[in-house]
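Here's the structure, in structure tokens; my notes come after.
Only this structure's heavy atoms are used, side chains among them; waters, hydrogens and symmetry mates stay out.
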Protein chains: 2
Amino acid sequence: VSAGAGARRRRLVGWGFEGERLEPTPELERWLEARCGRGAGRPAPDPATIELPPPRPLPEIPAATSRDPLDRLAHARGQGLPDLLRLRDGRLPTAPDAVVRPADTDQLARVLEVSAEAGIVVVPWGGGTSVTGGVNPPPGERPVISLALDHLSGLLELDAGSGLATFGAGTAGPALEAALAPHGLTLGHFPQSWELSTLGGWIATRSSGQESLGYGRIEDMVAGLELVAPGGRLDLPPLPASAAGPDLRHLVLGSEGRLGVVTRATVRVRPRPPATVVEALLVPGWEAGLEAVRRLARSELPLTLLRLSDPPETEVAVAAGLAHRFGAGAARWWLRRWGVGRDACLLLVGTAGEPEVARGVLRCARRLLGGLGALRLGTRPGARWLADRFRHPYLRDALLDGGIATDTLETAGPWSALDRIREAVTDALLGGAPGGRAAVLCHLSHPYRDGASLYFTFFVPSEADTDAAVAAWALMKRAATEALVTAGGTVSHHHGVGAWHAPWLPREVGDTGMELLGRAAEAMDPDGVLNPHVLLDPTDRLESA
Amino acid sequence: VSAGAGARRRRLVGWGFEGERLEPTPELERWLEARCGRGAGRPAPDPATIELPPPRPLPEIPAATSRDPLDRLAHARGQGLPDLLRLRDGRLPTAPDAVVRPADTDQLARVLEVSAEAGIVVVPWGGGTSVTGGVNPPPGERPVISLALDHLSGLLELDAGSGLATFGAGTAGPALEAALAPHGLTLGHFPQSWELSTLGGWIATRSSGQESLGYGRIEDMVAGLELVAPGGRLDLPPLPASAAGPDLRHLVLGSEGRLGVVTRATVRVRPRPPATVVEALLVPGWEAGLEAVRRLARSELPLTLLRLSDPPETEVAVAAGLAHRFGAGAARWWLRRWGVGRDACLLLVGTAGEPEVARGVLRCARRLLGGLGALRLGTRPGARWLADRFRHPYLRDALLDGGIATDTLETAGPWSALDRIREAVTDALLGGAPGGRAAVLCHLSHPYRDGASLYFTFFVPSEADTDAAVAAWALMKRAATEALVTAGGTVSHHHGVGAWHAPWLPREVGDTGMELLGRAAEAMDPDGVLNPHVLLDPTDRLESA
């Protein structure tokens, strides 16, 4: 069984590591119950009791191959809501027939060859945190192996003068930062999945970290990379920039295993900042918040993070304890006076650097917000948010235990489209919710000069029957995705396409775009070995997710 | 005849506009003569006397079609040294059989259809400033049309709130900025060819402007675009960022007409700064200069430009009059005392914004250079450089008149490779020069956190015979390109690949990369209509350039 980062063991049913949990505060439970009620609680079963389909016969695979049931279970599903629901059901409709762990790139290439000959489907596996069905075995007759990159990991080369570090693609977030720390360096890529996800996965899905405003998206960080596929190897050298034709790095970034397996990448690293400071403010309404974020994102201030919660998410943040650090009851009363529960929006403003400089930057940021009526809450809520940011997904499991299902979705669009997108998606989610009962939260993050990402979290009472629960989710997911694409948003800002967003990709890139991607897949993977069901197959399979 | 921007008429033999000239200073002439001597002067002929191959028959073309000899001449060559030499020869080996100017995208698409049916080669033409043979008709039997995008131009749409402006691809630099100016906006893309080159050309060649440090490269500016090709249309919506699969914008960026014609693009614009200020400094040597640039490029200061000249280029800058503004003779004596002519390197540091803020930023920049022994020359040389920056290419024509041939080449690489690249390219150019007589200048510009661009200018005595002059150039060009690729540099940082760099592209992207690009070309242009000789055809044709 894959042990995950360090000595901590990955939980097999649910998010993260064994022993870790995050319980909702009583106030949050009351808030959710008032809005969406509560459905059937479904406790997580003992992993050893979960039924998997019997493993199909496989030819000799030229790399370490495990057919252990718990190992197969650990590589059977990603981390989307349907994945949690299916695992809790105690019976999985699909699972890989084996987990294969190549020792190096050459072994990996031979595994792909053998798979092509034998008609095996290969699903590359980094951290397994996909929330788009991107790592789930496809249904069908062909045998499936999960290609785990555990052994292609670690710091391979460091060019400190250029600020370039080469890592194996299987390196997870904490191991990557731990390898850079002794050199006083950081990558600065901190997606919510950071404790589990890997460099290769970030590249394959065009990941964006929470501090992308300062450090950039993964595509800004990748200077060079290697991709191994049945059709050939692509080895793109680290370059700061180039006009030597189209940039093939951008064909690999976001290719989700469909064009090959990312085995290694050279990333741009930078000095590790002595401190990361996040200040919290309240702004009087979403409009004022948008204006605040846009001003700051377009300033030359070295900010690393801007995050604006809408009124419901602001209320939840307070209910979930973000206010604790500056004095429970009284503070909450005072926050209500300031509009929390009505129009007030929580704004987080982050920067990194010498503490004194960071304080100066935040002072400048506040000054730029003059006239918007922002109320300063100080850096304690931000410190709390920073400390907890990788723990938030644990809440999903605790809520499911108690009968509340929750999922997230996200997009990005130009500033002029954001209001339209937010309204359309919220309406679609409420309209698609079982019995119309749902709580929908939204925040804006990852701002750019020309637009930003919108991130939605929704809560619904969970159905007792698994198929019914997945069907309810599919209805909301389809309605929301249709709404965001129609309103001018991208299919995904950082979750990727996977199997579940694939029906909408043609809407974004058109028939010609699909044709170009198809040709690339044909060149790299003529037999359709690698993830044939994700990215390019537009079949809508949400109900069977 | 294409009139170029505004009322000024494009010169048909040489750079830029009729009436404009830039003469070398006597001091620069002496400096060059001492180093490389002087060859055969070759005056520019009257354009009307230049012999073109007779136009081949063409079918009816469904758009405005000109077979006027001067129009054909105006679209026969780019602006590389071989182009200038061939034009001055008075006889061109190839020329387009017609210049076609579609009125809109649909007409353009029909022109491509007809061309595919009739086996015509189509060379898309923006500003015609390619220095890589990218707009020259290929030799061979097939008829060739130059597809001029003059009528696909202007501001089509402005989303001011999002900072997004949509332009026709044929919009040249001055017209683009003039359309944005009334809205208080700028694109900030200022390549040296800015007065002539177009948005579509910038996209097709992955152009980088002189202030890329602040405004980014063209690929950072493009939010969405349309590409029209025989195989289909690609219409990618403006998005601030996306994880919806590979980014096909990056397949279009740098595609050099090979995958289709860029007809329209939505670019990220920003407030026009009240002032752009460039300060000049002298640093004691190349090493100190590298350290200075690296420190500044990695700082969070909002700089827009960093440019470090090596000792010979520093000497030339002074000889060419950069010192004039702060008092001719005495100043020059004083500069010599400070190392100009020995190790001193000129460093330009630019920023844009409110004048007071700009001065503050430059003060901070100087402070970051503490300990490097930089000498401040003030902002006058920088103002002079800014005022003249688009005029520098006129010098090439004046030097050719006097028997000195000059050309430039450029690359980029990680910081750790820059010294190696600079030495290798300089050695290759000196080794390949006729009789070993050449002057080679180098500057570093477009710095990134992980590396920078190196830009080389070389001067040689020009041969009397055109074929011999092109052959001499080919020898140096081949040696230098081989050297920079071997030393870890990219084939091009911003000039593109065209026909002349194409033999080295496989070294950078490998066989698999070439295969992927070939498949994309097959999808978009199955009959090989568009620029079949550039980018993907690795035939070395330097001698017949």
Quiz item: Hey, is the main chain of A:Arg270 close enough, under 3.5 Å, to the side chain of B:Arg298 for a donor-acceptor pair?
Solution: no
Quiz item: Any idea which of A:Arg294, A:Glu515, A:Glu256 has the most non-hydrogen atom pairs under 4.5 angstrom with chain B?
Solution: A:Arg294
Quiz item: A:Asp159, A:Val497, A:Asp247, A:Leu536: which one forms the most heavy-atom pairs within less than 4.5 Å of chain B?
Solution: A:Asp247
Practice problem: Check whether A:Leu517 gets within reach of chain B through its side chain, its backbone, both or neither, counting any heavy atom under 4.5 Å. | Solution: side chain
Quiz item: Taking all non-hydrogen atoms of both residues, which atom of B:Thr512 and which atom of A:Arg233 are closest, and how far apart?
Solution: OG1-O, 2.7 Å
Practice problem: Measure distances from A:Arg449 to the heavy atoms of chain B and classify the residue's part below 4.5 Å as side chain, backbone, both or neither. | Solution: both
Quiz item: Is chain B contacted by the side chain of A:Leu505, its backbone, both, or neither, given a heavy-atom distance below 4.5 Å?
Solution: side chain
Self-check item: More than 12 heavy atoms from other groups under 6.0 Å of CG on B:Asp511
Solution: no
Self-check item: A:Glu219 CD to B:Ser242 OG distance, which is reported to the nearest 0.5 Å
Solution: 8.5 Å
Quiz item: Which bit of A:Arg519 comes within less than 4.5 Å of chain B, counting heavy atoms only: side chain, backbone, both or neither?
Solution: both
Practice problem: Specify which of A:Asp450, A:Thr411, A:Leu227 makes the most heavy-atom pairs with chain B at under 4.5 Å. | Solution: A:Asp450
Quiz item: Within the distance-only criterion (no hydrogens, no angle test), does the side chain of B:Arg206 pair as donor or acceptor with the backbone N or O of A:Gly245 below 3.5 angstrom?
Solution: yes
Practice problem: Looking only at non-hydrogen atoms, find the nearest pair between A:Gly513 and B:Leu248 and report the distance. | Solution: CA-CD1, 3.5 Å
Practice problem: Under 4.5 Å heavy-atom distance to chain A, tell me which part of B:Leu251 shows up: side chain, backbone, both or neither. | Solution: both
Practice problem: Examine whether an atom of B:His501 lies under 4.5 Å from a heavy atom of chain A, and if so say whether it belongs to the side chain, the backbone or both; otherwise answer neither. | Solution: neither
Quiz item: chain A heavy atoms under 4.5 Å from B:Ala452: which part of the residue, side chain, backbone, both or neither?
Solution: backbone
Quiz prompt | Best-contacting candidate, B:Thr490, B:Leu535, B:Asp220, against chain A by heavy atom pairs under 4.5 angstrom | solution = B:Thr490
Quiz item: With side chains defined as the heavy atoms from C-beta onward, is the minimum distance between A:Leu253 and B:His250 less than 4.5 Å?
Solution: no
Exercise. Name the option with the most non-hydrogen atom pairs under 4.5 Å to chain B; the candidates are A:Gly353, A:Gly496, A:Ser255, A:Ala241.
Key: A:Ala241
Exercise. Tell me, for A:Ala204 versus chain B, whether the close heavy atoms (under 4.5 Å) come from the side chain, the backbone, both or neither.
Key: neither
Exercise. May I ask you to name which of A:Ala412, A:Ala223, A:Gly254 has the most heavy-atom pairs under 4.5 Å with chain B?
Key: A:Gly254
Quiz item: Using a cut-off of under 4.5 Å for heavy-atom pairs, which of A:Gly498, A:Gly161, A:Gly232 has the most such pairs with chain B?
Solution: A:Gly161
Quiz item: At a heavy-atom separation under 4.5 Å, does A:Glu522 approach chain B through its side chain, its backbone, both, or neither?
Solution: both
Exercise. Heavy atoms only, distances under 4.5 angstrom: which of B:Ala244, B:Pro271, B:Gly451, B:Ala520 has the most pairs with chain A? Name it, please.
Key: B:Ala244
Self-check item: Any A:Pro246 side-chain heavy atom under 4.5 Å of B:Leu516 side chain
Solution: no
Quiz item: In Å, rounded to the nearest 0.5 Å, how long is the span from CG of B:Leu239 to OH of A:Tyr448?
Solution: 10.5 Å
Quiz item: Do you know which of B:Pro414, B:Ala229, B:Gly163 has the most heavy-atom pairs with chain A at a distance under 4.5 angstrom?
Solution: B:Pro414
Quiz prompt | Test item: B:Ser162 side-chain N/O and A:Ser416 main-chain N/O as donor-acceptor pair under 3.5 Å | solution = yes
